[in-house]
Amino acid sequence: FTSTRENLLCNMKIRVVNYSNACTVQHPVVIIKGCVENYPTEVWRKHSRSSFLMMIHTRAEQDTNANEAQKLITEVPMIKLKFKVVCQLYPGENDIKFDFLGVKDSLRLTYIESPTDYCVRLVYVICKDHDGTFQSPPDLDCSVTAAVKKISVSATVLQCIMGELLWEQKLGRKTFALELDTDGQPIVHQHRSDLTMEQTHALGQEKLWETLAREIVSSSIGDKKVKYLAFLSSTRYQNSKRIKPFSHAHTLAMTKGHIALGGGGLALFGTGCLWTWADTVSSVQTRLLDSSPVDSRFYMDDSCYRGTIGGCVATTLGSVLHELGHTLDLGHTNEGIMSRGFDDLDSVLTLASERIGRKYPKGKLQPCGSCSRNASPPAILRSNSMCSREEMGGSPRFTNVRRSDSVSKYLEEYSEKRLERSNGEQTDGGGCFWSRSCALILAHQFWIRSGAENQELSCEGELVVNKKRVEACCKIIVVELRGEKGMVKNFWEPDQPSSAVELEEDVMEQTRTKKEEWELVAMACCGKIRKIRLS
């Protein structure tokens with residue numbers, strides 16, 4: 001029997017599906033996805049439901065003895081003989097070895113930081129009359145140090161997700177850069193606001209955003225080449241009657257200092273669920289899969305009605321990515337991250353969608369508050385021309401992404417869609433993906449491309465956009481037609497490189513017949529982006 005078993009296993013292999021050997025990445029955290037192939041029936045019967053493989057991660061150095069201190073051995077869970085593992089790379093070359101039932105495979109990845117003038121700056125906002133602690137259960141660390149650690153880890157995870165999802169669109173593993181200290185760790189700046197805690201609770205979201213945006217930009221960390229991702233420490237869930245909220249809108253009404261607003265140079269987010277976030281890269285997947293209930297009598301539950309710690313992590317981290325998307329000139333879409341697809345962030349990083357019996361809850365919620373409920377899917381139009389230009393000197397328009405009462409109806413419908421998806425086919429990341437036009441805009445942003453690519457593709461020309469025609473200084477990447485609340489209604493992606501495009505009259509006719517706020521957004525290969533309002 002032993003020899004027969006060995007013969008059955010000899011063809012079995014481990015395959016990494018999203019990386020090949022000798023890949024170089026420019027972000028320190030990666031998600032490695034793979035599966036076991038050519039397995040015999042015996043292996044599937046015993047291991048398909050739940051199993052694990054061993055992963056050994058070391059620095060790739062010639063002196064093997066020197067590696068022992070930095071050898072990381074991890075049991076990686078598998079479902080249906082598939083696996084995903086979030087891994088923090090060492091600077092330089094990394095050797096990653098896999099072992100399942102004696103079947104081995106190896107992967108070498110190189111992490112090299114790419115210098116660039118354009119980056120995302122992390123900020124933790126502390127009120128002038130407060131110590132900066134965030135709300136959390138009493139047995140957890142809620143200090144400024146803990147907040148900084150959670151924000152730092154989460155930012156590197158979002159960096160990884162953006163790069164992975166752009167790679168899936170065949171646009172390269174591009175992502176935003178973070179400021180790093182001498183140890184290679186993300187820097188989180190502490191901004192001491194002129195606002196008191198009470199004032200942050202009393203101000204509306206737009207006014208709060210405007211006030212903090214002015215403070216940050218005019219402070220010592222102000223920089224025109226920086227996008228800011230900031231977190232407000234004063235968010236407090238105040239449920240004095242200790243009742244279970246009957247809707248997400250009810251939860252928000254009891255949460256003071258909650259904000260989810262992004263655009264222009266700043267994405268600002270509340271910290272009501274910060275306590276649920278991981279504080280190490282190695283614990284990210286564990287937190288996303290944590291089914292422990294959130295006691296909504298005491299703490300904010302922002303989980304898209306899942307009611308769990310993992311649900312809160314997925315929804316709030318996904319929402320941060322959504323808000324950051326607005327700062328990078330993205331509008332709203334009918335599906336994907338720039339709709340409510342960010343709730344499925346856990347499916348990008350874990351095997352959540354493969355778990356037997358996984359249920360998507362029904363409830364009432366809403367996405368980014370300015371997202372239209374009844375928008376039709378954008379029409380994908382292929383054209384030989386497109387345009388874009390960026391107004392680098394102008395003040396950017398900011399997109400309100402708050403969630404209010406009107407949002408609850410949308411979220412109810414969205415959670416029903418999640419339930420429907422659980423009974424049908426799903427993509428690997430569920431609804432967490434960049435729609436095509438969003439991916440094209442991101443991949444050509446100064447804050448996403450490498451410094452070398454920005455220099456190589458720079459040009460001195462102009463991007464000219466009007467209602468009939470777009471002319472680019474170089475090559476047109478994409479043109480979007482956006483309607484009410486920034487919803488992408490149509491987009492044009494040239495089949496062939498082109499520096500000009502004629503906008504079809506039948507498509508543009510809707511801007512004259514439908515009473516909405518219409519906008520054309522065009523992007524050129526050099527990174528210039530141009531927006532014009534049509535109404």
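All residue numbers in this chain count up from 1 along the given sequence. Keep in mind that the numbers below use all heavy atoms, side chains included, and drop hydrogens, waters and symmetry copies.
Put simply, the side chain of Arg449 never gets that close to the backbone of Phe446: no donor and acceptor are under 3.5 Å apart. Side-chain atoms of Glu517 never come within 3.5 Å of backbone atoms of Lys485 as a donor-acceptor pair (strictly under, hydrogens ignored). Between the side chain of Glu519 and the backbone N or O of Arg482 there is no donor-acceptor pair closer than 3.5 Å. No side-chain donor-acceptor contact under 3.5 Å links Lys241 to the backbone of Arg297. The main-chain N or O of Asn18 is never found under 3.5 Å from a side-chain atom of Lys33 such that the two would form a donor-acceptor pair. Looking at Arg236, its side chain never comes within 3.5 Å of a backbone N or O of Thr255 through a donor-acceptor pair. Thr74 places no side-chain N or O within 3.5 Å of a backbone atom of Val76 that could act as its donor or acceptor partner. In terms of modelled atom types and a separation under 3.5 Å, the side chain of Thr200 and the main chain of Gly257 share no donor-acceptor contact. Remark: side-chain polar atoms of Thr271 are not paired, donor with acceptor, to backbone N or O of Leu274 under 3.5 angstrom. Panel note: side chain Tyr228, backbone Ile221; a donor-acceptor pair is recorded below 3.5 Å.
For Gln159, the side chain to side chain contact (heavy atoms under 4.5 Å, CB included) partners are His27, Pro28, Thr156, Thr175, Phe176, Leu178, not counting sequence neighbours. With sequence neighbours left out, Gln199 forms a side chain to side chain contact (heavy atoms under 4.5 Å, CB included) with Leu195, Thr196. Listed by chain and number, the residues in a side-chain hydrogen bond (donor to acceptor under 3.5 Å, both in side chains) with Tyr237 are Asn239 (sequence neighbours excluded). Not counting sequence neighbours, the partners of His47 by the ring pair (Phe, Tyr, Trp, His ring centres under 6.0 Å) test are Phe100. In this structure, the side chain to side chain contact (heavy atoms under 4.5 Å, CB included) partners of Ser136, at least two apart in sequence or on a different chain, are Phe134, Leu140, Cys142, Trp275. Taking Ser435 as the reference, Thr333, Ser437, Cys438 meet the side chain to side chain contact (heavy atoms under 4.5 Å, CB included) condition, with sequence neighbours excluded. Residues meeting the side-chain hydrogen bond (donor to acceptor under 3.5 Å, both in side chains) test with Ser193, sequence neighbours left out: Glu215. With sequence neighbours excluded, the residues that form a side-chain hydrogen bond (donor to acceptor under 3.5 Å, both in side chains) with Asp99 are Lys104. With sequence neighbours left out, Arg121 forms a side-chain hydrogen bond (donor to acceptor under 3.5 Å, both in side chains) with Glu179. For Trp434, the ring pair (Phe, Tyr, Trp, His ring centres under 6.0 Å) test picks out no residue, with sequence neighbours left out.
Taken to the nearest 0.5 Å, the CG atom of Leu109 stands 8.0 Å off from the SG atom of Cys87. Put simply, NZ on Lys80 and CZ on Arg49 are 10.0 Å apart, with the number rounded to the nearest 0.5 Å. Taking CD1 of Ile14 as the start and CE of Met55 as the end, the distance is 12.0 Å to the nearest 0.5 Å. Separation of atoms OG (Ser319) and CG (Leu324) is listed at 11.0 Å; rounding is to 0.5 Å. In this structure, the separation between OG1 on Thr276 and OH on Tyr299 is 12.5 Å, given to the nearest 0.5 Å. Rounding to the nearest 0.5 Å gives a distance of 9.5 Å between CD of Gln135 and CE of Met300.
Evaluation of the salt bridge (charged side-chain N to carboxylate O under 4.0 Å, His left out) test over residues 274-293, restricted to residues two or more places apart or in two chains, returns Arg287-Asp290. Applying the salt bridge (charged side-chain N to carboxylate O under 4.0 Å, His left out) test to residues at least two apart or on different chains, none of the pairs has a partner in residues 136-161.
Here the rule is side chain to side chain donor-acceptor pair (under 3.5 Å) with Arg173, and of Glu164, Glu168, Gln26 only Glu164 fits it. Tested against Leu345 for a side-chain contact (heavy atoms from CB on, under 4.5 Å), the candidates Thr316, Leu317, Val313, Thr315 yield a single pass: Leu317.
In terms of heavy-atom proximity, Lys174 sits nearest to Leu166 at O-CD1, 3.3 Å.
For the pair Cys160/Val86, no side-chain contact is recorded, criterion being any heavy-atom separation below 4.5 Å from C-beta on. No side-chain heavy atom of Leu349 sits under 4.5 Å from any side-chain heavy atom of Lys84.
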Item to complete: Take Cys304 and Arg340 through the test side chain to side chain contact (heavy atoms under 4.5 Å, CB included) and record every step on the way to the result.
Response: CA-CA 10 Å; Cys304 193; Arg340 274 301 297 205; 4.2 Å; yes

Practice prompt. Given side chain to side chain contact (heavy atoms under 4.5 Å, CB included), test Val120 with Val226 step by step and report yes or no.
Written response: CA-CA 6 Å; Val120 172; Val226 165; over 6 Å; no

Discussion item. Show, in sequence, the C-alpha distance, side-chain angles and deciding distance for Lys244 and Ser296, and conclude whether the side-chain hydrogen bond (donor to acceptor under 3.5 Å, both in side chains) test is met.
Written reply: CA-CA 6 Å; Lys244 286 188 72 67; Ser296 57; 3.3 Å; yes

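Taking the six-membered ring wherever Trp is involved, the centroid distance between the rings of His332 and His322 falls below 6.0 Å.
Heavy atoms from other residues, nucleotides or ligands lying under 6.0 Å from CZ of Phe52 number 12 at most. Counting heavy-atom neighbours within 6.0 Å of Glu198 CD, excluding the residue itself, gives a total of 12 or less.
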